[in-house]
Amino acid sequence: MPDVNHRSAAPQTMLYLLGVNLPDDKVVSIALTRIYGVGLKTGQTICHKLGIHPRCRLKDLPEDKVTKLSALLNTMQIDAELKRETRNRIGAMVQMGSYRGARHKAGLPVNGQRTHTNRSTAKRLNGRWLRMREFSSASRVTSGPSPSTLSRMVTNTFAPVGRVLSRLL
Amino acid sequence: MAFLTRSAMLSLNRCRSATRLCRTASVFASKTHVRSRPASMSTQAASGSTTRRGATVIPNASMPRPSGFPSIAKESKALLGEWTPKKAAPANVGEVLQFPASCSSATKGAIPNSVEKGKQSAFMLRQSTLDLIAEVTREANQATCNRVMTLDGPKGVGKSVTLLQTVSHFRSEGWIVLYLPQTANWVDGSEPFEPVPGTKMFRQPQAVARTLQQFLDLNPDLTKIKTAEGQTLAQVAETGVREPEKAQESLETILDTLSKEKNRPPVLIAIDQVNSFYSKTAYFDAQSNPVLANQLTAVDAFVRFLNRTRPLSKGAILCAVDQSDTQLQSPFLEVLLSNSPQIPSSPSSQPIAANRRYQDVTSVDSFGVLLSDRLAPASYDPFAPQSEWHPKSLARFNIPGYNRFEVASILQYYKDAEILKNVKLTREYIEKQLVLTGGNALKLYKRCLSF
């Protein structure tokens, strides 16, 4: 049985940015990938635009750069907006009665794969954008200060639990 | 020990630090060994040492004689002689010496990476170091500095350490020393940087401030030299350290003053990892284009010495390439080095041919077919066409591997310092180590650690 406590033996400082807790000890371009909608390439491009050196950790980032970072992220389609967009597109496909929409609805592979065997991943994942209609961003459970404030808070986070939370959003 | 006579044993007990030298020399005290040494070392024979098999080397008067006779449990710092300019004599070759306190500052980044990792503070005096010191002295006596001396050799042969020893020597002689031991830190993306508006250059305030602090620590006596505005160099450097925004300006002022001012002690510019000045950095600009090393203002300030846009009189420029980091490759610089003249030094019995990886800068083969990046990397190097950035008059100084005598001395030191344990130092053992490592200093050190 793995020890759940071992990762949070020391309190981990977090930067609360746009509704997401980003770990301070990580390199900036990697920490930004924790945001839904930002991958490694986008994270690196953001750092290039803001003049953040490649090995900069989040805790070493000066405040003016943090402000510029949040301003830049606000202009991008990330997090809740991106999920809304995806949901809308899939919903549109279902509504217009297209083949792809029907496959999403049935939870079967969309991109032309075989179904005689090997359709378990599709069965598990493909309907979730439709089932998620009941949740909206307003009802998401947020623990901590309001998304408008940028603050660093010390949390005793259990890393596995944090990941589960982000999947529910 | 079977080689020593009774009188040898008595004189061994008399002098502790020379004992090491005695034992190692006596293992190889044969006529053939004497002939293979360079002519300058015959002074040792003149000072009373006999080199017949089984005899000891009677120590020089200049070697330190400790007061007590401590048991040889562990080599303590008190037993090692200190690096002083007086020690730079052929008679002391093979002796392991401790760096003086003024040079071994424990600040991070003040000593080469290899030395920091290995946690060593004492190094052996080699004939190649003495030759380099003589060359640098000769260079400084000329009217203007005409060439850029570059230490060359395969990985681990002792380039950074030789540079450090030279820096320490000239610092003790009272020269002004500009020593950059870890220039890779400037280009590997670990320093904050900001663009200089209106140009394509980038500034690194914290890195330059740290360099100025190291410069101040290494040269405590900078109050005599004044800039054009009347400030002393020490004041200018201190301003740069206090306010990193002005650090680049301070650095430029200091370098300009040192270049133009004649009324000063000689200047030694020692740059380690010089291939980082001619490579791609880990930085990117706002358009996500990779930044080249010549776009960093800190690097630019020093490269102006190398390409002679900033002349240096009454001084010497010494560089060392670093081949341990594969990210810091500069194929073009390697080609330049392989085509540059070699500075003659006294022959050693174990010259290692430098393993030149990039021999050719042309990008077509004998059939006129364009060669790929992998086969002719120097021709695809972004620095190859930028001739105004190239270093002028490179001169190559080859650092040879250890010869038998040096291997014996260093193994005896490792044994005394308990780096090498449970091993009997016989002639056969020393020969085996020499053959297995080829005289490479780093390989020998790692072999001793692994036992």
Side-chain angles (χ1 to χ4, degrees), chain A residues 10 12-18 22-79 82 150-152, chain B residues 108-109 113 116 182-211 243-248 273 276-277 279-300 325-329:
Chain A
Q12 195 181 20
T13 332
M14 299 281 218
L15 174 66
Y16 193 78
L17 193 68
L18 266 75
L22 301 175
D24 256 357
D25 293 329
K26 290 201 184 282
V27 169
V28 177
S29 52
I30 312 273
L32 288 174
T33 58
R34 293 290 184 97
I35 302 171
Y36 183 89
V38 173
L40 193 58
K41 200 72 182 174
T42 330
Q44 286 174 349
T45 321
I46 292 172
C47 287
H48 298 162
K49 277 209 187 111
L50 298 176
I52 300 172
H53 58 280
R55 290 202 192 172
C56 184
R57 308 261 159 185
L58 262 183
K59 59 186 174 202
D60 301 328
L61 212 51
E63 282 302 320
D64 59 326
K65 290 237 161 111
V66 175
T67 329
K68 280 192 205 161
L69 180 64
S70 68
L72 184 59
L73 287 171
N74 270 322
T75 62
M76 294 165 55
Q77 192 180 48
I78 48 171
D79 220 10
L82 186 62
L150 297 172
S151 59
R152 287 179 195 271
Chain B
K108 188 171 181 293
N113 225 356
E116 230 176 339
Q182 290 187 21
T183 50
N185 287 345
W186 295 358
V187 303
D188 66 356
S190 51
E191 301 286 345
F193 77 131
E194 51 197 46
V196 176
T199 63
K200 281 207 272 188
M201 309 283 281
F202 293 87
R203 267 195 315 219
Q204 292 165 298
Q206 278 83 355
V208 178
R210 197 161 0 98
T211 312
E243 294 160 61
E245 296 305 312
K246 299 196 185 151
Q248 183 65 34
Q273 299 179 318
S276 62
F277 282 3
S279 65
K280 265 197 278 202
T281 65
Y283 295 106
F284 292 86
D285 63 9
Q287 283 76 35
S288 298
N289 300 321
V291 167
L292 295 180
N294 58 358
Q295 287 174 255
L296 296 175
T297 50
V299 170
D300 179 60
D325 194 352
T326 47
Q327 300 289 330
L328 277 184
Q329 294 295 322

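Throughout, protein chains are lettered first and strands after them, A, B, ... in sequence-line order, and every chain is numbered starting at 1.
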Quiz prompt | Region of A:Leu50 in contact with chain B, defined by heavy-atom distances below 4.5 Å | solution =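 Contact with chain B involves no heavy atom of A:Leu50 at all.
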Step through the atoms of chain A and chain B and list each donor-acceptor pair whose separation is under 3.5 Å.
from    : atom 1 : to       : atom 2 : distance (Å)
A:His48 : ND1    : B:Ser288 : OG     : 2.9
A:Arg55 : N      : B:Gly189 : O      : 3.0

Practice problem: Would you name the heavy atoms of A:Pro54 and B:Ala282 that are closest together and state the gap between them? | Solution: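 Smallest heavy-atom distance, with atoms named: CG-O, 3.1 Å.
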